[in-house]
Amino acid sequence: MKSWFSLNRKALFLLFFFFCLCYGIKLCTYSYALDTEFFMVHKEAMLLSWLGISRFSLVFLKWLTSIFPFSIFLTNWFTVVFFFLASCFTYYNFAFLCSKFQSTKKMIFFLLFLGSSPIYLEQFNFTLQSLEISFCFCLLQIGIYSFLNYFMKGSKKYVFLSLFCILFSFGAYQSFVLMFLTEMFLFFYLLVIDKKWKKDDIFKFLKYAFLFFFLSFLGYYFIGKLVISIFSVPPNHYLKDQIGWFTNPFWVSIKNILKDVERLYFGYRNEVWQFTILNTFFVIVLFYKIFLKCRDKNYFVAFLLFLFFFLPLLMTFLLGNASPIRSYFSFPILLAFVFCQEDLSRKWYRAILIVGIFCQFAVMWTLEYGDYIRFLKDKEMASHIYETVKDDLSLRALVFVGSLSSFPQGSIVQGEAMGISFFNHYGLSDRASTFLKSLGYDLVEDREFIPEATILMKDFPSYPDANSILITDSHVIVKLS
């Protein structure tokens, strides 16, 4: 591994610069988004909620880093560093198993795909956990590297390290479970198409992959339950509530799955249609490869390639519900894998990939800039409201009802979570008072009073009208809409 990094150090240095460029606006400006403000104000409640959904590794890392003040700047920088290292380890694992990936040109394209992926941007925009998630991404790839060492060399010293890294990453973020399964499937595919591997080797790989996954997931499950029991964490149905098969009619879940297929591959959002240029080209390349394999009567490989199309949507199939775009954590890896398997010497092919990468990069900067402007506008609106009501807050709680973005709709490009105003949290303003507290304003929250306050403010005009504020003995209520 050391020699591989040494041989490619110049390319890796330039690629790290590219990663920094992709996240440049976030690295050079100060802003934060939904959930981060809650962590800044109600840290213990957030940590308990993570324990309730078995994210014990995430809580452990937060406890480990609690000796340092929470810094948006440092968090963003370390997130990018660990994300870059994780991307390098991911590619190295493929090159370690398959000689066809031992190419500097393929490495460059592979990392360009991952670094410019808006999917990772949406995930890492959650600054409260981005450092820990990117670190565990890195840890998972080290675990997979150790697993491959055990499979290829029989080195038993790697077993514990592999199981620990995989289990720990599962305990940080459940999407790593799907990432592990996806990468195991891709390794299996490489073994099948590489004639140097015998059937016995392939079966041994499947046996080891299943065993390592079973032990890691079992350990993750029981540790999660144990931690919940030890800390007496109240039940959290956050994950269970996402399973649409339990709550939706069957046809609605099927419709949700089809919508997710269309959204992922062909139309993420109208405002950022460039997001799916590479995704659509991926479908074209994939089905062309399937056609070639069927023509050569290699039906088993064609079937495996056909499964590639559904791999990113595994969570959607399991839930029967639309999944957030940030949960498609393994899709950029799958996309990079398929593209880099092809012959990169063809100029027209490289040209399409470069255009797609540039489009992804443009989408990232557009989303980052929009989210930064959103933060500035939210701060401006928060300041104006606080200055208006601060003299009445000494013995009263501040409550917001309705919702109102701090910027005109359509004035910035929004992602799925990026660009969402604290005053319009998916049609709610329940995060507005928490946001004001995170900015350092002295106030008391009472979010449980929102339903009653909504009834009280029914006939009042909306902010910024002077009469949009109601002052009672116990509350200052601001009607946004």
Side-chain angles (χ1 to χ4, degrees), residues 1-16 18-19 81-117 120 134 137-155 158 161-162 165-166 169 176 179-198 201-202 204-205 208-209 212 282 285 289 301 304-305 308 311 329-346 349-350 353 357:
M1 181 181 285
K2 184 178 179 181
S3 61
W4 182 82
F5 279 100
S6 298
L7 288 171
N8 295 286
R9 61 180 181 272
K10 290 183 180 178
L12 289 170
F13 175 79
L14 292 174
L15 285 164
F16 177 67
F18 175 76
F19 272 62
V81 169
F82 281 115
F83 176 41
F84 174 72
L85 290 175
S87 301
C88 291
F89 284 133
T90 303
Y91 181 80
Y92 181 81
N93 286 336
F94 289 116
F96 183 65
L97 182 69
C98 179
S99 58
K100 289 183 179 179
F101 276 88
Q102 294 173 8
S103 159
T104 300
K105 185 183 292 185
K106 288 189 175 183
M107 177 197 72
I108 291 171
F109 272 95
F110 192 97
L111 296 187
L112 290 177
F113 291 131
L114 267 59
S116 63
S117 173
Y120 290 127
S134 62
F137 185 5
C138 193
L139 205 63
L140 176 65
Q141 299 310 318
I142 293 173
I144 291 174
Y145 169 74
S146 302
F147 164 79
L148 292 176
N149 263 285
Y150 177 65
F151 163 66
M152 297 174 70
K153 301 177 181 179
S155 304
Y158 287 103
L161 177 62
S162 178
C165 291
I166 296 168
S169 62
F176 285 127
M179 180 178 283
F180 178 81
L181 293 174
T182 298
E183 291 190 48
M184 290 301 108
F185 184 86
L186 296 180
F187 294 140
F188 170 68
Y189 173 79
L190 288 176
L191 295 177
V192 169
I193 64 173
D194 192 338
K195 294 181 180 179
K196 78 173 185 179
W197 296 98
K198 300 176 182 178
D201 295 321
I202 297 173
K204 184 175 76 170
F205 172 84
Y208 287 167
F212 275 60
F282 165 83
V285 171
K289 287 166 69 75
V301 174
L304 293 179
L305 287 169
F308 278 24
L311 271 178
F329 223 46
S330 58
F331 179 62
I333 295 174
L334 178 65
L335 181 145
F337 175 87
V338 169
F339 286 146
C340 290
Q341 263 214 307
E342 296 301 303
D343 182 8
L344 293 176
S345 64
R346 291 171 292 185
Y349 184 74
R350 291 203 311 271
L353 296 184
I357 290 167

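No experiment lies behind these values; they were computed from the predicted model shown.
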Worksheet item: Taking it one step at a time, do F205 and F147 satisfy ring pair (Phe, Tyr, Trp, His ring centres under 6.0 Å)?
Response: CA-CA 10 Å; F205 172 84; F147 164 79; 5.7 Å; yes
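Residue L311 holds its CG atom at 11.5 Å from CD of E183, rounded to the nearest 0.5 Å. In this structure, OG1 in T90 is found 10.5 Å from CD1 in I142, a value given to the nearest 0.5 Å. Distance CD1/I333 to CZ/F337: 11.5 Å, rounded to 0.5 Å. In this structure, Q141 CD and C88 SG are separated by 11.0 Å, a value rounded to the nearest 0.5 Å. The distance from atom CE of M184 to atom CG of L186, rounded to the nearest 0.5 Å, is 9.0 Å. The structure places CD1 of I144 at 14.5 Å from OH of Y92, a figure rounded to the nearest 0.5 Å.
Nearest heavy atoms, C340 versus F109: SG-CB, 4.1 Å. Across all their heavy atoms, V285 and Y349 have their closest contact at CG2-CE1, 4.3 Å. The minimum heavy-atom distance between V192 and I202, with the atom names listed, is CA-CD1, 4.0 Å. Nearest heavy atom pair, residue G115 against residue F83, reads CA-CE2, 4.2 Å.
For F137 and F89, the ring centers are positioned 6.0 Å apart or more. Under the 6.0 Å cut-off for aromatic ring centres, F329 and F176 qualify, their centroids lying closer than that.
Taking the side chain as every heavy atom from C-beta outward, R350 and E342 never approach each other to under 4.5 Å. Side-chain atoms of L114 and Y120, non-hydrogen and from C-beta on, do get closer than 4.5 Å to each other. Residues F187 and N93 have side chains in contact (heavy-atom distance under 4.5 Å, counting atoms from C-beta outward). Within the 4.5 Å cutoff, no side-chain heavy atoms of F180 are placed close to those of S169. Looking at heavy atoms from C-beta onward, Y150 lies out of side-chain contact with S162 at the 4.5 angstrom threshold. When side chains are defined from C-beta on, L111 counts as touching L12, because their heavy atoms get closer than 4.5 Å.
Between F339 and F282, the two ring planes are perpendicular [angle over 60°; tilted spans 30° to 60°]. Ring planes of F308 and F185: perpendicular class, angle over 60° (limits at 30 and 60°).
When the shell of 6.0 Å around NZ of K198 is examined, it contains 12 or fewer heavy atoms from other residues, nucleotides or ligands. Heavy atoms of other residues, nucleotides or ligands lying less than 6.0 angstrom from CZ of R346 number more than 12.
Legend: side-chain hydrogen bond (donor to acceptor under 3.5 Å, both in side chains) pairs involving residues 98-116, not counting sequence neighbours, sorted by first then second residue: N8-T104, S116-Q360.
For I193, the side chain to side chain contact (heavy atoms under 4.5 Å, CB included) partners two or more places apart in sequence, or in a different chain, are Y189, L190, V301, Q341. Remark: S117 engages no residue in a side-chain hydrogen bond (donor to acceptor under 3.5 Å, both in side chains) (not counting sequence neighbours).
For the ring-ring contact (aromatic ring centres under 6.0 Å, His included) criterion with F151, the lone passing option out of W197, Y158, F96 is W197.
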